[in-house]
Trainee: 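One structure coming up, written as structure tokens, with questions to follow.
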Amino acid sequence: MTKSLHDSVFVRACRGLPVPHPPVWFMRQAGRSLPEYRKIREGVGMLESCGRPDLVTEITLQPVRRHGVDAAILFSDIVVPLAAAGVDLDIVAGTGPVVASPIRTAADVAGLRTLEPGAVGYVDEAVRMLVPELGPIPLIGFAGAPFTLASYLIEGGPSRTYLKTKAMMYGEPDLWNALCSRLADITLAFLRVQVNAGVSAIQLFDSWAGALSEADYRRFVLPHSTRVLRGLEDAGVPRIHFGVGTAVLLEAMGEAGADVVGVDWRTPLDRATTMIGPGRAVQGNLDPAILFAPWEVVEREARRVVAEGRAAPGHVFNLGHGVMPETDPDVLTRLVELVHGG
């Protein structure tokens, strides 16, 4: 990472260093709410889009150009490394990842290959194309955490109840840990490719960990997420850890080894800071639905989030989850200007 990127407002905030204003970026910023994104994706499937460095580069740059955000996030998907490791899956519009042959047995786990860096060479190429294009704007790489990846592989797709996932977790803990250990290896390899190619930070998405109790998270999930995050301790880039519905998990997530803990909109950042523990920045946490309210409401709530974020050593302003497809892009642009202006 160049000196200018080390000194960027985003990286400084992640490190808990003084900044003139909270840096801003949005989860799912490179996508669904932007007409230019929808146009460039016409007739191109999600997995194909993620595998084309030219498309990845253009889509990643779009929200930076439009909104003036303080960081870009690589356009990709959490199942990309699974597909590269040989899992037969597709990302179905309106549904999400769908796995052809869900993992349910020891033989299934044994058949899950390790991830060779060359299998995601297109990700390496995209990052190396993006870094010079972005100049002083940091690029965030990311991956899915072992629990969330496991839930897709076991359920065969998105789930509201995680019944099959929990059945394996509770009923076959050795099989569960073998699967999550393999997924931790895949995730770490995928993040290493991105770090080696030049990203300035990484985010580990454990989107569905909020389905667990704290005791179950600590027993079945925390060791595997910790292995990923601690495995990047020597990478020299900030590590962000995010999940949804994680109010009861924030203390445990703070122990996993990230520099920044993402907080959804349900927990005020000043309270979350106390739960997470000292020495860690926070990221969040405006409710994405607020962007559909009148501007005076958006402004009031954004100022509240900024004020609550001052309790933490560092604060990266974001939504509490991803941008909704129906969001007016102009509201996002205006929100960035508001946070930058204090």
Side-chain angles (χ1 to χ4, degrees), residues 10-11 13-15 25-30 71-82 84-85 97 115 120 123 127 138-153 179-197 199-212 217-218 220-246 249-264 272 276-277 280-285 314 316 318-322:
F10 169 75
V11 172
C14 289
R15 300 287 193 206
W25 71 277
F26 302 114
M27 287 181 281
R28 297 201 193 112
Q29 71 180 10
I73 185 163
L74 181 71
F75 176 73
S76 189
D77 191 274
I78 63 170
V79 299
V80 163
L82 298 181
L115 180 66
V120 285
V123 173
V127 171
L139 177 63
I140 305 167
F142 74 93
F147 174 81
T148 292
L149 294 179
S151 74
Y152 281 120
L153 288 176
L179 173 59
C180 287
S181 180
R182 186 69 58 93
L183 291 172
D185 289 341
I186 289 171
T187 297
L188 194 49
F190 188 53
L191 289 170
R192 279 275 178 201
V193 166
Q194 296 172 64
V195 169
N196 291 340
V199 300
S200 297
I202 62 94
Q203 176 155 310
L204 188 67
F205 281 89
D206 211 353
S207 307
W208 311 134
L212 301 172
Y217 178 86
R218 286 184 177 279
F220 295 111
V221 177
L222 181 58
H224 304 292
S225 293
T226 299
R227 190 156 144 234
V228 175
L229 290 165
R230 300 281 185 202
L232 292 167
E233 244 172 348
D234 63 348
V237 301
R239 298 154 294 170
I240 309 168
H241 196 16
F242 173 76
V244 183
T246 55
L249 307 180
L250 287 173
E251 181 182 352
M253 289 179 72
E255 297 168 13
D259 305 287
V260 186
V261 177
V263 182
D264 76 11
I276 291 163
R280 289 178 177 81
V282 295
Q283 178 176 279
N285 70 340
V316 176
N318 207 312
L319 303 181
H321 199 197

Trainee: Out of curiosity, Ile276 CD1 to Glu255 CD, how far, rounded to the nearest 0.5 Å?
Mentor: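 With rounding to 0.5 Å, CD1 (Ile276) is 11.5 Å from CD (Glu255).
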Trainee: Minimum heavy-atom separation for Ser225 and Pro146, please, with both atom names.
Mentor: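 Taking Ser225 first and Pro146 second, the nearest heavy atoms are OG-CD, 4.2 Å.
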Trainee: Please determine whether side-chain contact (heavy atoms from CB on, under 4.5 Å) holds for the pair Val199 and Leu191, giving the CA-CA distance in whole Å, both sets of side-chain angles, and the decisive distance to 0.1 Å.
Mentor: CA-CA 9 Å; Val199 300; Leu191 289 170; over 6 Å; no
Trainee: Give, for atom CG of Leu179 and atom NE2 of His224, the distance between the pair rounded to the nearest 0.5 Å.
Mentor: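 One gets 8.5 Å once the value is rounded to the nearest 0.5 Å.
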Trainee: Report yes or no: does His241 contribute a side-chain atom to a donor-acceptor pair with the main-chain N or O of Val261 at less than 3.5 Å?
Mentor: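 Such a contact is absent between His241 side chain and Val261 backbone.
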Trainee: Kindly say whether Asn285 contributes a backbone atom to a donor-acceptor pair with the side chain of Asp264 at under 3.5 angstrom?
Mentor: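 No, the answer is negative, given that no donor and acceptor are paired below the 3.5 Å cut-off.
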Trainee: A side-chain contact here means heavy atoms from C-beta on lying under 4.5 Å apart; do Leu232 and Val237 qualify?
Mentor: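 Not touching, per the 4.5 Å side-chain cut-off.
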Trainee: Rounded to the nearest 0.5 Å, how far apart are CD of Glu233 and CZ of Arg239?
Mentor: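 Reported to 0.5 Å precision, the distance equals 5.0 Å.
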Trainee: Can you give me the closest heavy-atom contact between Leu250 and Ala272, atom names plus distance?
Mentor: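 Between these two residues, the closest heavy atoms are CD1-CB, 3.8 Å.
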Trainee: For a quick test of reading the model, state the closest non-hydrogen atom pair linking Ile186 to Pro81 and the distance between them.
Mentor: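 Closest pair (atom of Ile186, atom of Pro81, distance): CG2-CB, 3.8 Å.
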Trainee: Please report the interatomic distance CG(Asp77) to CZ(Phe205), rounded to the nearest 0.5 Å.
Mentor: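 Answer rounded to 0.5 Å: 10.0 Å.
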Trainee: For a side-chain contact (heavy atoms from CB on, under 4.5 Å) check, start with the C-alpha distance between Cys14 and Asp259, then their side-chain angles and the critical distance, and finish with the verdict.
Mentor: CA-CA 7 Å; Cys14 289; Asp259 305 287; 5.6 Å; no
Trainee: When you measure from the side chain of Gln194 to the backbone of Phe142, do you find a donor-acceptor pair of N or O atoms at a distance under 3.5 Å?
Mentor: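 At least one qualifying donor-acceptor pair exists.
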Trainee: Do Arg218 and Glu251 have side chains that approach each other closer than 4.5 Å (heavy atoms only, starting at C-beta)?
Mentor: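 A side-chain contact exists here, since the closest heavy-atom pair is under 4.5 Å.
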Trainee: Quick one: does Arg192's side chain have a donor or acceptor within less than 3.5 Å of a partner on Gly231's backbone?
Mentor: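 Here the side-chain-to-backbone pair exists.
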Trainee: Where do Phe26 and Asn318 come nearest, in terms of heavy atoms and distance?
Mentor: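 Nearest heavy atoms, Phe26 then Asn318: CA-OD1, 3.3 Å.
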Trainee: Report yes if some heavy atom in the side chain of Trp25 is under 4.5 Å from a heavy atom in the side chain of Pro138; otherwise report no.
Mentor: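 Counting from C-beta outward, Trp25 and Pro138 never come under 4.5 Å.
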Trainee: On a heavy-atom basis, which atom in Ala143 and which in Ile78 lie closest, and how many Å separate them?
Mentor: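 In this case the closest contact between Ala143 and Ile78 is C-CG2, 4.1 Å.
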Trainee: What's the spacing between Leu229 CG and Met253 CE if we round to 0.5 Å?
Mentor: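 Taking CG in Leu229 and CE in Met253, the distance rounds to 9.0 Å.
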Trainee: In sequence, state the C-alpha distance, the side-chain angles, and the governing distance for Tyr217 and Phe147, and then conclude on side-chain contact (heavy atoms from CB on, under 4.5 Å).
Mentor: CA-CA 9 Å; Tyr217 178 86; Phe147 174 81; over 6 Å; no
Trainee: I want to check something: taking the side chain as every heavy atom from C-beta on, are Tyr152 and Leu82 in contact at a cut-off of under 4.5 Å?
Mentor: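 Result no, sub-4.5 Å side-chain heavy-atom pair not found.
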Trainee: Do Thr187 and Arg227 pair up side chain to side chain, a donor and an acceptor below 3.5 Å, judged on atom types alone?
Mentor: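 The answer is no; no qualifying pair exists.
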Trainee: Just by distance, do the side chain of Gln29 and the backbone of Ala71 share a donor-acceptor pair under 3.5 Å?
Mentor: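 Yes, because the side chain of Gln29 sits within donor-acceptor range (under 3.5 Å) of the backbone of Ala71.
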Trainee: Can you tell me how far apart CZ (Phe242) and CG (Leu204) are? Round to the nearest 0.5 Å.
Mentor: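 Reported to 0.5 Å precision, the distance equals 11.5 Å.
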Trainee: If you compare all heavy atoms of Thr148 against all heavy atoms of Asp206, which two are closest, and at what distance to 0.1 Å?
Mentor: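 Where Thr148 meets Asp206 most closely, the heavy atoms are OG1-OD1, 2.7 Å.
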